[in-house]
Peer 1: 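This is the structure I have questions about; it appears just below.
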Amino acid sequence: MLIPFIVGCQTDVPISPISIPESNIDSSIAGDSKTAVKFRQYNGLERFTLQSQPDGAKLEDASGQKILRLKKDSTQKIKIEDPQEQVQGYVVPANNTWKLRSSDQRLDLFILRRQNDGGYQLNTGGNQLLYRLKAQDYGYEVKTASNQSLYTIKTKRGKTLLKDSNDEILLYAKPPISPIMMASFGLDALTEAQQTALAYALSEEL
C-alpha cells in the first residue's frame, strides 16, 4: 500500500541507493488497521502518512490532520472524501483498467490501462494519451505522450523514490512501496486527491 500528495520541484543531493529484495516491499495496507506508510520530501521532512482503515485508508499531514478519506465498497470502487466528508470523486477498477470518475459518477475523467509489456498508459476520458508508465529493470519511468521523460521510480536503500529528470529526489516512502503506486504521484495532470486514490487502488491489485 502507499500514498502522498504534492510533488514539487524541490531539489537535493540524491540518496545513495542500495537494492532491497522485492519481498520487503509493502504492496497493500488493506485489512491491517495498524499499517501506515510515511511519505517524506527530498530533505527528509514528513509530508503525509497513509493509515489503513477497516474500509479503506486515511491520509494525514505531518501534524496528524486528516487530508483525505478513501472508502472502498464491496465492488472495490473507491470513494474520495475531503476532511468535511464531501465526495471529490471515485476510482473504479476493472479488468486491468482504473477509471477516475467525477464526484457525480457521470464522467470518466481519466483512465489508466495496464499494457501487455508490463507498463501502463494514462488517457483522458476522451481517450487522449497523456502519459506512458514504462516498466524498467529498476522500476518505472513516467513519460509524456511525446516520449519526454519526466520521472523515474526506484526502490533503493529501504525506500521507494520518485525522482525528476535531473535525478533529484522529490518524494520517498518508507517502508518501501510498490514502484507502480509511487508512479501515480508522477501523473501531474491528476489532482493530489486523484493521485492518492489511484495509488491506493493500485495497491489493492498487487
Side-chain angles (χ1 to χ4, degrees), residues 1-8 10 15 20 22-73 76-93 98 100 110 112 120 122 133 139-140 142 151 153-163 169-188 190-206:
M1 162 271 65
L2 83 354
I3 302 176
F5 247 47
I6 301 172
V7 174
Q10 302 144 315
I15 294 173
I20 64 168
E22 184 73 16
S23 60
N24 289 345
I25 295 176
D26 182 10
S27 63
S28 177
I29 62 167
D32 184 352
S33 61
K34 296 181 180 180
T35 301
V37 173
K38 292 186 181 297
F39 294 83
R40 300 181 185 274
Q41 57 192 32
Y42 74 107
N43 57 6
L45 293 179
E46 182 180 338
R47 292 299 300 274
F48 316 99
T49 296
L50 186 71
Q51 175 68 54
S52 63
Q53 302 280 292
D55 62 346
K58 177 174 64 174
L59 190 69
E60 298 177 340
D61 65 18
S63 67
Q65 295 298 308
K66 182 170 68 174
I67 301 171
L68 279 182
R69 182 74 165 87
L70 304 174
K71 293 184 177 180
K72 182 181 63 175
D73 67 16
Q76 305 304 303
K77 179 171 64 177
I78 297 167
K79 179 168 61 174
I80 309 167
E81 292 183 348
D82 66 15
Q84 290 72 45
E85 300 185 352
Q86 298 297 308
V87 178
Q88 301 298 302
Y90 293 83
V91 179
V92 183
W98 294 262
L100 286 85
F110 301 96
L112 183 74
Y120 295 74
L122 183 74
L133 282 66
Y140 285 91
V142 180
Y151 304 105
I153 298 90
K154 304 177 181 181
T155 299
K156 302 289 184 180
R157 202 178 181 181
K159 304 177 178 72
T160 303
L161 311 171
L162 175 67
K163 294 184 173 185
I169 297 169
L170 300 177
L171 193 71
Y172 67 90
K174 185 178 182 179
I177 57 176
S178 173
I180 188 55
M181 294 187 286
M182 182 63 90
S184 295
F185 300 99
L187 303 176
D188 295 331
L190 305 185
T191 67
E192 297 169 350
Q194 289 169 334
Q195 291 174 345
T196 301
L198 181 59
Y200 178 76
L202 287 167
S203 80
E204 297 293 278
E205 299 294 317
L206 302 174

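Numbers for residues simply follow the sequence, beginning at 1.
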Peer 1: Determine, stepwise, if the pair Phe185 / Thr196 fulfils side chain to side chain contact (heavy atoms under 4.5 Å, CB included).
Peer 2: CA-CA 7 Å; Phe185 300 99; Thr196 301; 3.7 Å; yes

Peer 1: Give a yes or no answer on whether the side chain of Gln51 reaches the backbone of Thr35 with a donor-acceptor pair at less than 3.5 Å.
Peer 2: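 Yes; at least one donor-acceptor contact below 3.5 Å.
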
Peer 1: Is there a side-chain hydrogen bond (donor to acceptor under 3.5 Å, both in side chains) between Tyr90 and Asp73? Walk through the geometry before answering.
Peer 2: CA-CA 11 Å; Tyr90 293 83; Asp73 67 16; over 6 Å; no

Peer 1: Working to the nearest 0.5 angstrom, can you tell me the gap between Gln88 CD and Glu192 CD?
Peer 2: 11.5 Å

Peer 1: Do Phe39 and Ile177 touch side chain to side chain, with heavy atoms closer than 4.5 Å?
Peer 2: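 In contact.
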
Peer 1: In Å, rounded to the nearest 0.5 Å, how long is the span from CD1 of Ile180 to CD1 of Ile153?
Peer 2: 7.5 Å

Peer 1: Are any non-hydrogen side-chain atoms of Leu202 and Ser178 less than 4.5 angstrom apart?
Peer 2: no

Peer 1: Once you round to the nearest 0.5 Å, how far does CD of Gln86 lie from CD of Glu81?
Peer 2: 8.5 Å

Peer 1: To the nearest 0.5 Å, what is the distance between CD1 on Ile169 and CG on Leu161?
Peer 2: 5.0 Å

Peer 1: Using side-chain hydrogen bond (donor to acceptor under 3.5 Å, both in side chains), reason through Gln41 and Asn43 one step at a time and then give a plain yes or no.
Peer 2: CA-CA 6 Å; Gln41 57 192 32; Asn43 57 6; 3.1 Å; yes

Peer 1: Side-chain contact test, heavy atoms from C-beta onward, threshold under 4.5 Å: evaluate it for Lys159 versus Arg40 and give yes or no.
Peer 2: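 Lys159 vs Arg40: side chains apart.
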
Peer 1: Could you report the tightest heavy-atom contact between Pro176 and Gly158, atom names first, then the distance?
Peer 2: CD-O, 3.2 Å

Peer 1: Does the side chain of Asp55 reach to within under 4.5 Å of the side chain of Arg69, using non-hydrogen atoms?
Peer 2: yes

Peer 1: Could you give the distance from CG (Leu112) to CD (Gln194), rounded to the nearest 0.5 Å?
Peer 2: 12.0 Å

Peer 1: Indicate yes or no: at least one non-hydrogen side-chain atom of Leu171 is less than 4.5 angstrom from one of Met182.
Peer 2: yes

Peer 1: Might you point out which heavy atoms bring Gly44 and Tyr172 nearest each other, and give the distance in Å?
Peer 2: CA-OH, 3.5 Å

Peer 1: Quick check: closest heavy atoms across Ala193 and Leu68, and the distance to 0.1 Å?
Peer 2: CA-CD1, 3.6 Å

Peer 1: What distance separates Leu59 CG from Lys66 NZ, expressed to the nearest 0.5 Å?
Peer 2: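 Output value for this atom pair is 11.0 Å.
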
Peer 1: Identify the heavy atoms of Val91 and Ala197 that sit nearest to each other, and give their distance.
Peer 2: CG2-CB, 3.7 Å

Peer 1: In sequence, state the C-alpha distance, the side-chain angles, and the governing distance for Tyr151 and Asp188, and then conclude on side chain to side chain contact (heavy atoms under 4.5 Å, CB included).
Peer 2: CA-CA 10 Å; Tyr151 304 105; Asp188 295 331; 2.8 Å; yes

Peer 1: What is the minimum heavy-atom distance between Met181 and Ser203, and which atoms define it?
Peer 2: SD-CB, 2.8 Å

Peer 1: Can you name the closest pair of heavy atoms from Gly139 and Pro179 and give their distance?
Peer 2: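 Nearest heavy atoms, Gly139 then Pro179: CA-CB, 4.2 Å.
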
Peer 1: Looking at side-chain heavy atoms only, is the closest gap between Leu187 and Leu133 below 4.5 Å?
Peer 2: yes

